[in-house]
J.: 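Sharing a structure below in structure tokens format, with a few things to ask.
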Amino acid sequence: MKKLVLLVAAAFMCASLAACGSSSNSSSSAAASGSASAGASASASGSTEADEPSTTDGGTLTMGTNAAFPPYEYYENDHVVGIDAEIAQAVAEKLGMELKIEDMDFSSLITAVQTGKIDMVLAGMTVTEDRLKNVSFSDSYATGIQSIIVAEDSEIASPDDLQGHMIGVQESTTGHIYCSDDYGEDSVVAYTTGANAVEALKTGKVDAVVIDNEPAKAFVAANEGLKLLDTEYVTEDYAIAIAKDNTELLDKINNALKELKEDGSLDEIIGEYIKAE
Ligand code: ARG
């Protein structure tokens, strides 16, 4: 429902802004031109001109992510692509910096930004009170909904039905945290990636997977015999995480996000990956 509102807003903004459409093409090709080596890091060239390297005056802006979370971040050949990669690219361009992408376990991201290994996290990361104790968050750029995937013939039809069943989650995600709180640690199995949790569901090791709605849709589409329940478990806000002491970067990122929201680029990037139903 929220998404629909977002898309309607995007359509409205496109209709009302003549310039809508010009900026995300360049960011899309720039993000797609990033290259990842050995599955560990991907660097997206910030160039919008064919031959000119992007200005590196502002240095390198390193984004940490966990690139197994379509449509926000995933691999296309060797490149990390997706909504977060493109937003990060657009932010880097606004800051006159060159974007580099580091792919790592989701559970390592907060420490990586705290210790300065990366400058920011874009990973469909939800703003939570607990995380706010360790990092700062930018303004929100998207909404997520914790959703439930089950086998097509499952008797589980709502969050309440999860009681007494084994639930697969991605380690350290909000799905992991909420399910452990609501159904007890013993009912929850944490996997390194959402894809691994889905694999466990397919082989009957768990009875359900709790994960964000858009990746959930992607996993259901890619795997036969699964369905997504249309009941919402928890609704949450995604934002960019930054080290607490890096208030300068936080301000710059919020300004860049504001501009990207105002000129329609943000909605356009999201609309490229999430189609209206
Ligand atoms: N929104 C959830 C959270 O913040 C899940 C994010 C998982 N992201 C990823 N790139 N694997 O905990």
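In each ligand, atom 1 is the first atom listed, and ligand 1 is the first ligand listed.
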J.: Give me each pair satisfying side-chain hydrogen bond (donor to acceptor under 3.5 Å, both in side chains) with a member in residues 146-156, each pair once, sequence neighbours excluded.
T.: Gln146-Thr174, Gln146-Asp212, Gln146-Glu236, Glu155-His165

J.: Output all residues satisfying side-chain contact (heavy atoms from CB on, under 4.5 Å) with Glu224, sequence neighbours left out; order by chain, then residue number.
T.: none

J.: Would you check, one step at a time, whether the test salt bridge (Lys or Arg N to Asp or Glu O under 4.0 Å) holds for Lys100 with Glu102?
T.: CA-CA 7 Å; Lys100 185 167 170 247; Glu102 294 275 349; 2.8 Å; yes

J.: Name the residues with a heavy atom less than 4.0 Å from ligand 1?
T.: Asn66, Phe69, Glu73, Phe106, Ala123, Gly124, Met125, Thr126, Arg131, Gln170, Thr173, Thr174, Asp212, Glu236, Tyr238

J.: Report the residues that fulfil side-chain contact (heavy atoms from CB on, under 4.5 Å) with Ala239, sequence neighbours left out, ordered by chain and then residue number.
T.: Val127, Phe137, Ser138

J.: Would you mind checking if Glu129 and Lys133 are paired as a salt bridge, meaning a charged N to carboxylate O distance below 4.0 Å?
T.: no

J.: Compute the centroid of each ring, for Tyr72 and then for Tyr238, and state whether the two points are separated by less than 6.0 Å.
T.: yes

